[in-house]
Protein chains: 2
Amino acid sequence: MGTADRKAKEKEQLKSLILDSARKLFVEKGVEQTTIRSIAKSIDYSVGTVYVYFRDKNAILNELHTQGFAQLGGLFKVLAHVENPMERLIAMGRLYIKFAMENPDMYELMFTLKAPMEVLDQAKNEEWNEGISAFTVLKTTVEQCIAANHFKGHEPEPLTFMIWSLVHGMCSLHISDRTNGVHLNHANHIVDAGYEEFLKILKKL
Amino acid sequence: MGTADRKAKEKEQLKSLILDSARKLFVEKGVEQTTIRSIAKSIDYSVGTVYVYFRDKNAILNELHTQGFAQLGGLFKVLAHVENPMERLIAMGRLYIKFAMENPDMYELMFTLKAPMEVLDQAKNEEWNEGISAFTVLKTTVEQCIAANHFKGHEPEPLTFMIWSLVHGMCSLHISDRTNGVHLNHANHIVDAGYEEFLKILKKL
DNA sequence: TGCATTATTGAACAATGTTCATTTATATTT
DNA sequence: AAATATAAATGAACATTGTTCAATAATGCA
């Protein structure tokens, strides 16, 4: 069965080729400008071929969104050695913001755009595993903070959601161009300045 | 010059008719499904006429986005009589969340979608007045809180941005379908539960 | 070599935003 | 009132998109 294996491998390779090309175009030109035709053209295949490997454009966006979570997860691994959960929490926030600022299109795909979510069949009760995993990582750290006597009187899950939302909100507003009106005296970026305020609050808890 | 006045009024009326119809379709079907053709059809005019009154689809979305801010601003007026700035701040957050949950499409238009922002000519240094006004209202309340001895050691503007982001982040994640994985024991909605955690923090500041 | 399976193709379709020469309606002038 | 000038409205036509699918080409097997 050597041929079957090889063909399976070739299929995987072409699928990866499509995805890599799609990601490249997507980061360069954005979601809307990344057309199936432009993807096909960039890898010298026809539009039809793309549709052999992906049900539709949303399926491609969904895979890219999954890759984004893998990338972010990879970055977070560096923080595993930080013993102090509070320190780790703070560092996670910084890294999250850094990732969002440096990869705004990927971030949108991961946390804002509806398209990559639409492959989840609600009838089948399919869940957003990437998000749940990422949330769980954050929640674990928050729970360790609570175990270390921080956040007294708080509920882990809603608190985790609140912290996530705080950081996400800043990134999201910035990426959606809603922070232009917020002028600052400081040389600091508004998102960084906002995060500093959050850190001041953390110290009081 | 009675005729000129009347014609100007008629033009305004038709413009309003287009906008009203657009908003209706938009709230019913979403942005993408609200096509120029469907708008034209619903008011028994041709597509060309719509383009006489609006440069492009983004211009329509921008006007609806402005209407959204007017609507939200109207809701906030009810809070003017709340003397205690901290109470007012808390009530503003609740109202903001209520508005976002009840008008998710409008909310997206106001705070997430890029389209309505694209009418702002960056070469002309045009600013996002709706957002700036809304931000200023919130900032004023935060400053009054500071004057009432809350938020010691905080900078008004970044703190305001942080609070806004916190609430926006929760609404935004929910509207973008990113809260499905976050299960709760409580009967509470996750966004409300998250806001409760924020209130607990406020009490410690 | 001939056949069967698999992979690839790209023309064709429907839907969309947008334009603009043409037509219709309205207002002004003679 | 008729003729003319201005303004408003039209909708066919274009370019671009996602998507489909019968036809073609390539590959594996007997």
Side-chain angles (χ1 to χ4, degrees), chain A residues 1-19 21-23 25-26 28-65 109 113-119, chain B residues 1-19 21-23 25-26 28-65 109 113-119:
Chain A
M1 312 297 133
T3 51
D5 288 4
R6 197 204 60 212
K7 290 190 102 179
K9 211 166 265 180
E10 281 175 357
K11 284 192 80 167
E12 276 307 308
Q13 282 181 0
L14 184 44
K15 190 168 183 179
S16 295
L17 186 63
I18 294 172
L19 277 177
S21 169
R23 192 177 56 244
L25 286 167
F26 164 70
E28 277 173 11
K29 317 271 188 183
V31 219
E32 308 232 314
Q33 296 302 320
T34 303
T35 68
I36 306 292
R37 281 173 181 81
S38 69
I39 295 171
K41 195 172 199 175
S42 74
I43 58 172
D44 283 310
Y45 276 88
S46 72
V47 277
T49 303
V50 176
Y51 278 90
V52 171
Y53 291 84
F54 296 94
R55 185 211 299 276
D56 54 23
K57 192 178 176 183
N58 284 350
I60 299 178
L61 294 178
N62 182 273
E63 294 241 21
L64 292 182
H65 130 281
L109 205 56
L113 295 184
K114 297 253 178 77
M117 293 292 113
E118 276 164 11
V119 313
Chain B
M1 310 301 129
T3 52
D5 288 3
R6 196 204 62 210
K7 290 190 101 179
K9 213 168 263 181
E10 281 176 356
K11 284 192 78 168
E12 276 307 309
Q13 282 181 0
L14 185 44
K15 190 168 182 178
S16 295
L17 186 64
I18 295 172
L19 278 177
S21 169
R23 193 178 54 245
L25 285 167
F26 164 71
E28 276 173 9
K29 315 272 188 181
V31 220
E32 308 232 315
Q33 296 301 320
T34 303
T35 68
I36 306 292
R37 281 174 181 79
S38 69
I39 294 171
K41 195 171 200 175
S42 74
I43 57 172
D44 282 310
Y45 276 88
S46 72
V47 277
T49 302
V50 176
Y51 279 91
V52 170
Y53 290 83
F54 296 93
R55 184 213 298 276
D56 53 23
K57 192 179 176 182
N58 284 349
I60 299 178
L61 294 178
N62 181 274
E63 293 241 22
L64 292 182
H65 131 281
L109 206 56
L113 295 183
K114 298 253 177 76
M117 293 291 112
E118 275 165 11
V119 313

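Just so we're on the same page: letters track the sequence lines, and every chain starts at 1.
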Discussion item. Nearest whole Å is fine: how far is C/dG17 C1' from B/Gln33 CD?
Written reply: 14 Å
Worksheet entry | Protein-nucleotide distance (B/Lys41, atom NZ; D/dT10, atom P), rounded to Å | 15 Å
Worksheet item: Given C/dT9, C/dT16, D/dA9, which nucleotide is nearest the side-chain atoms of A/Val52?
Response: C/dT9
Worksheet entry | Integer-rounded Å distance: C/dA7 C1' and A/Leu17 CG | 15 Å
Worksheet item: Can a side chain N or O of B/Tyr51 be found less than 4.0 Å away from OP1 or OP2 on C/dC20?
Response: no
Worksheet item: To the nearest angstrom, how far is B/Ile39 atom CD1 from C/dG17 atom C1'?
Response: 11 Å
Worksheet item: Whole-Å distance between C/dT18 C1' and B/Ile60 CD1?
Response: 12 Å
Worksheet item: A/Arg37 has an atom CZ; how far is it from atom C1' of D/dT20, in whole Å?
Response: 12 Å
Discussion item. Quick check: on DNA chain D, is the nucleotide nearest B/Lys11 upstream (toward 5') of the one nearest B/Val47, or the reverse? Name the residue that is more 5'.
Written reply: B/Lys11
Worksheet entry | Distance-minimising heavy-atom pair for B/Leu109 and B/Pro116 | O-CG, 3.3 Å
Worksheet item: For B/Thr49, which contact category applies under a 4.0 Å heavy-atom criterion: base, sugar-phosphate, or nothing?
Response: base
Practice prompt. Would you classify B/Leu14 as touching base, sugar-phosphate or nothing, given that sugar-phosphate means primed atoms plus P, OP1 and OP2, and contacts are heavy atoms under 4.0 Å?
Written response: sugar-phosphate
Worksheet item: Taking atom P of D/dG18 as reference, at what distance in whole Å does atom CD1 of A/Ile36 sit?
Response: 5 Å
Discussion item. Test your reading of the model: is there a side-chain donor-acceptor pair from A/Lys57 to the backbone of A/Thr34, 3.5 Å cut-off?
Written reply: yes
Worksheet item: Once you round it to whole Å, what is the distance between C1' of C/dT16 and CG of B/Leu61?
Response: 14 Å
Item to complete: With heavy atoms under 4.0 Å as the rule, sort B/Phe54 into base, sugar-phosphate or nothing.
Response: nothing
Worksheet item: Hey, does A/Thr34 reach any base, or is it just sugar-phosphate, or nothing, if we go heavy atoms under 4.0 Å?
Response: sugar-phosphate
Worksheet item: 5'-most contact on DNA chain C: B/Lys57 or B/Glu10, nearest heavy atom basis?
Response: B/Lys57
Worksheet item: Side chains of B/Met117 and B/His65: does their closest heavy-atom pair fall under 4.5 Å?
Response: yes
Discussion item. Can you tell me how far apart CD1 (B/Ile39) and CG (B/Leu17) are? Round to the nearest 0.5 Å.
Written reply: 11.0 Å
Worksheet item: Does A/Tyr45 have a side-chain nitrogen or oxygen under 4.0 Å from the phosphate oxygens OP1 or OP2 of C/dG10?
Response: no
Fill in: Nearest-0.5 Å distance, CG of residue A/Asp56 to CG of residue A/Leu61
9.0 Å
